[in-house]
J.: 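Quick one: structure below, then a few questions.
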Amino acid sequence: MEPKKKNRPNSLVIILFALIVLMVIIYFILVMFFPAVFDLMNTGDIQPVSDK
């Protein structure tokens, strides 16, 4: 009897998932230690609509 092959995802999928998790963690670390950098970012606030 052969040992069953494990159904593992592609290594590229694992690397991409790990990079996304790492980017989220780095983002929260930057927000905690350097909040001034993110205060200058445009947040897309709603602008009043002018009727003509």
J.: Which ILVMFWY residues can you reach from M23 by hopping between side chains whose heavy atoms are under 4.5 Å apart?
T.: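 Under the 4.5 Å side-chain rule, M23 groups with nothing.
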J.: Can you name the residues that form a side chain to side chain contact (heavy atoms under 4.5 Å, CB included) with I25, not counting sequence neighbours?
T.: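 Side chain to side chain contact (heavy atoms under 4.5 Å, CB included) check on I25 returns V21, I29.
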J.: Under the ring pair (Phe, Tyr, Trp, His ring centres under 6.0 Å) rule, collect the residues that match up with F17, sequence neighbours excluded.
T.: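 So F17 forms no ring pair (Phe, Tyr, Trp, His ring centres under 6.0 Å) with any residue.
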J.: Can you name the side chain to side chain contact (heavy atoms under 4.5 Å, CB included) partners of I14, sequence neighbours left out?
T.: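 Side chain to side chain contact (heavy atoms under 4.5 Å, CB included) check on I14 returns R8, P9.
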J.: Can you sort out the partners of L12 under side chain to side chain contact (heavy atoms under 4.5 Å, CB included), two or more places apart, ordered by chain and number?
T.: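 Checked L12 against side chain to side chain contact (heavy atoms under 4.5 Å, CB included); matches are N10, L16.
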J.: Considering only Ile, Leu, Val, Met, Phe, Trp and Tyr, and joining two whenever side-chain heavy atoms are under 4.5 Å apart, list the other residues clustered with L19.
T.: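 Members besides L19, by chain and number: I15.
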J.: Please name all residues satisfying side chain to side chain contact (heavy atoms under 4.5 Å, CB included) with I26, sequence neighbours left out, ordered by chain then number.
T.: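 Applying side chain to side chain contact (heavy atoms under 4.5 Å, CB included) to I26 gives L22, L30.
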